[in-house]
Amino acid sequence: MIGLRARWIRTLIATPLLATAMAAASVAAHAADLLDNVKQAGVLKIGLEGTYPPFGYRGANNQLEGFDVDVARAVAAKLGVKPEFVTTEWSGIIAGLQAGKFDIIVNQVSVTPQRKQVLDFSKPYVYSAAQLIQRKDDKREFKSLEDLKGKRLGVSLGSNYNELAKSVPGIDVKTYPGAPEYLRDLAAQRVDAALNDRLMVQYLIKTANLPLRPGAVVKGGEAEVAIPFRKDNPKFAQALDRALDDLRKDGTLTRLSVKWFGSDVTKPAGK
């Protein structure tokens with residue numbers, strides 16, 4: 001009886017200990033750093049829209065190309081893995097990252113306090129700002145949003161620039177479904193200027209084939225663009241920042257920026 005009871009006691013003790021050990025092992029496995037998972041798979045899964053030129057879109061041969069596509073490929077190469085692109089709509093891209101459908105997003109994601117609450121970010125790889133667009137034959141030079149008081153300004157509905165324009169009282173803000181519509185109205189003199197991301201302005205003017213020109217960069221629309229990933233992956237965070245540092249030092253980021261935008265937008269203005 002004593003021996004049986006002793007074995008029973010040992011079983012009672014061992015059972016919760018085993019359960020605790022198994023739970024700890026399960027947590028440890030679940031908590032493996034993203035870098036270990038990426039290295040083990042040999043693949044970096046990259047979320048992007050794929051419909052957002054010149055950042056990421058399908059080219060003539062239906063292959064993904066663009067500035068962000070090139071940056072993502074360069075980052076994957078620095079990490080020693082292959083890039084695997086996962087296209088998804090912008091409306092669901094953050095949720096897709098949180099659900100583990102991909103490892104990172106490379107799709108012009110601006111760093112905001114709200115996003116930093118639920119995601120971690122790399123160092124910025126693009127510095128952007130709001131920029132005006134004017135007609136080529138317009139002799140007026142709008143140097144700030146204040147200069148547009150009493151004027152008509154075209155912006156995309158629901159964009160950050162819509163909110164920025166409305167923050168200045170006195171501007172007659174006209175909202176449009178997208179850039180093609182307000183650029184046509186600008187060329188037709190139905191608005192006095194338009195507002196968009198400076199990264200997009202040159203591309204929009206080039207592809208619209210309308211008599212338009214870049215205007216002034218305006219205050220209030222500054223943004224830092226970085227690569228988001230799921231929280232609590234310190235090894236991956238360090239490796240990702242190191243990869244971007246290397247791409248900056250060896251000139252890759254500058255070269256890709258000049259290729260797609262004609263200027264270096266990978267450094268803060270004035271540097």
Side-chain angles (χ1 to χ4, degrees), residues 49 51-57 66-68 90-91 107-116 124-226 257-258 260-271:
E49 289 175 271
T51 56
Y52 187 30
F55 303 104
Y57 64 100
F67 173 71
D68 278 337
W90 172 256
S91 59
N107 198 95
Q108 293 300 295
V109 182
S110 299
V111 182
T112 67
Q114 293 78 13
R115 288 172 180 162
K116 289 179 73 173
Y125 70 98
V126 163
Y127 296 85
S128 189
Q131 186 172 17
L132 294 170
I133 307 172
Q134 293 188 237
R135 289 185 300 277
K136 277 187 177 180
D137 62 356
D138 191 346
K139 303 303 181 182
R140 297 171 297 179
E141 289 292 341
F142 303 124
K143 296 183 179 180
S144 70
L145 290 180
E146 297 290 329
D147 291 343
L148 284 158
K149 289 183 177 181
K151 306 293 191 301
R152 299 159 300 177
L153 178 64
V155 295
S156 293
L157 181 65
S159 70
N160 293 341
Y161 306 107
N162 182 17
E163 297 303 316
L164 178 61
K166 289 183 176 179
S167 71
V168 179
I171 299 177
D172 184 6
V173 180
K174 304 290 186 183
T175 56
Y176 295 82
E181 291 83 5
Y182 66 64
L183 292 179
R184 284 196 294 268
D185 268 13
L186 175 58
Q189 301 186 33
R190 285 188 281 267
V191 293
D192 298 288
L195 186 66
N196 206 315
D197 190 311
R198 76 175 176 121
L199 303 183
M200 287 295 293
V201 168
Q202 292 285 357
Y203 178 81
L204 289 172
I205 291 173
K206 178 181 178 181
T207 56
N209 196 28
L210 294 169
L212 305 174
R213 61 180 172 86
V217 173
V218 300
K219 291 183 179 180
E222 296 82 3
E224 294 182 345
V225 174
S257 180
V258 171
W260 288 102
F261 306 114
S263 62
D264 190 355
V265 300
T266 67
K267 298 175 183 176
K271 293 188 178 181

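Ala193 and Leu148 get closest at one heavy-atom pair: CB-CD2, 4.0 Å. Across Gln108 and Leu199, no two heavy atoms sit closer than the pair OE1-CD1, 3.3 Å. Summarising the geometry of Ala165 relative to Ile171, their closest heavy-atom pair is O-CD1, 3.9 Å, with the distance given to 0.1 Å. Contact between Trp260 and Tyr57 at its shortest, heavy atoms only, is CZ3-OH, 3.5 Å. When every heavy atom of Val109 is checked against every heavy atom of Arg115, the shortest pair comes out as CG1-NH1, 3.8 Å. The minimum heavy-atom distance linking Ile205 with Pro214 is given by the pair CD1-N, 3.4 Å.
Look at Glu146 and Lys149 and you find a salt bridge, because one of the NZ, NE, NH1 or NH2 atoms lies within 4.0 Å of a carboxylate O, short of that distance. A salt bridge is defined here as a Lys NZ or Arg NE, NH1 or NH2 lying under 4.0 Å from an Asp or Glu carboxylate O, and Glu224 with Lys116 fails to meet this definition. Salt bridge present: Lys174 and Asp172 bring a charged side-chain N and a carboxylate O closer than 4.0 Å. Taking 4.0 Å as the cut-off between side-chain N and carboxylate O, Arg140 and Asp192 count as a salt-bridged pair.
To the nearest 0.5 Å, atoms CD (Gln189) and CZ (Arg152) are separated by 8.5 Å. For the atom pair CG (Leu153) and NZ (Lys166), the distance works out to 11.0 Å, reported to the nearest 0.5 Å. Ser156 contributes atom OG, which lies 8.0 Å from atom CD of Glu181 (distance to the nearest 0.5 angstrom). Atoms CZ and NZ, from Phe142 and Lys151 in turn, are 5.5 Å apart once rounded to the nearest 0.5 Å.
Within the 3.5 Å criterion, the main-chain N or O of Glu49 finds a donor-acceptor partner in the side chain of Asn107. For Gln131 (side chain) and Gly215 (main-chain N/O), a donor-acceptor pair under 3.5 Å exists by modelled atom type. With Asp138 contributing its side chain and Gln134 its backbone, the two residues share no donor-acceptor pair below 3.5 Å. In this structure a side-chain-to-backbone donor-acceptor pair under 3.5 Å is missing from Glu163 to Tyr161. Under a 3.5 Å cut-off, the side chain of Ser128 and the backbone N or O of Ala223 do not form any donor-acceptor pair. No donor-acceptor distance shorter than 3.5 angstrom exists from the side chain of Arg135 to the backbone of Pro211, with no hydrogens or angles considered. Between the side chain of Arg198 and the main chain of Leu132, no donor-acceptor pair closer than 3.5 Å is present.
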_Set out, in order, the CA-CA distance, both residues' side-chain angles and the distance that settles side-chain hydrogen bond (donor to acceptor under 3.5 Å, both in side chains) for Asn162 and Thr175, then state yes or no._
CA-CA 7 Å; Asn162 182 17; Thr175 56; 5.8 Å; no
*Check the pair Phe67, Val126 against side-chain contact (heavy atoms from CB on, under 4.5 Å), reporting the backbone distance first and the verdict last.*
CA-CA 11 Å; Phe67 173 71; Val126 163; 3.5 Å; yes
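Side-chain contact between Tyr203 and Pro54: present, with at least one pair of heavy atoms (C-beta onward) separated by less than 4.5 Å. With a 4.5 Å cut-off on side-chain heavy atoms, Leu183 and Leu212 count as touching. Tyr125 has its side chain within reach of Asp68: a pair of non-hydrogen atoms, C-beta onward, lies under 4.5 Å apart. Using a 4.5 Å cut-off on side-chain heavy atoms (C-beta onward), Tyr182 and Asn196 make contact. The closest side-chain heavy-atom distance from Leu195 to Leu145 is below 4.5 Å. Contact check for Tyr176 versus Leu157: no side-chain heavy atoms found under the 4.5 Å cut-off.
Under a cut-off of 6.0 angstrom, the local environment of CG in Asn209 is sparse, with at most 12 non-hydrogen atoms contributed by other residues, nucleotides or ligands.
Relative orientation of the Phe55 and Phe261 rings is tilted, given thresholds of 30° and 60° on the angle between their planes.
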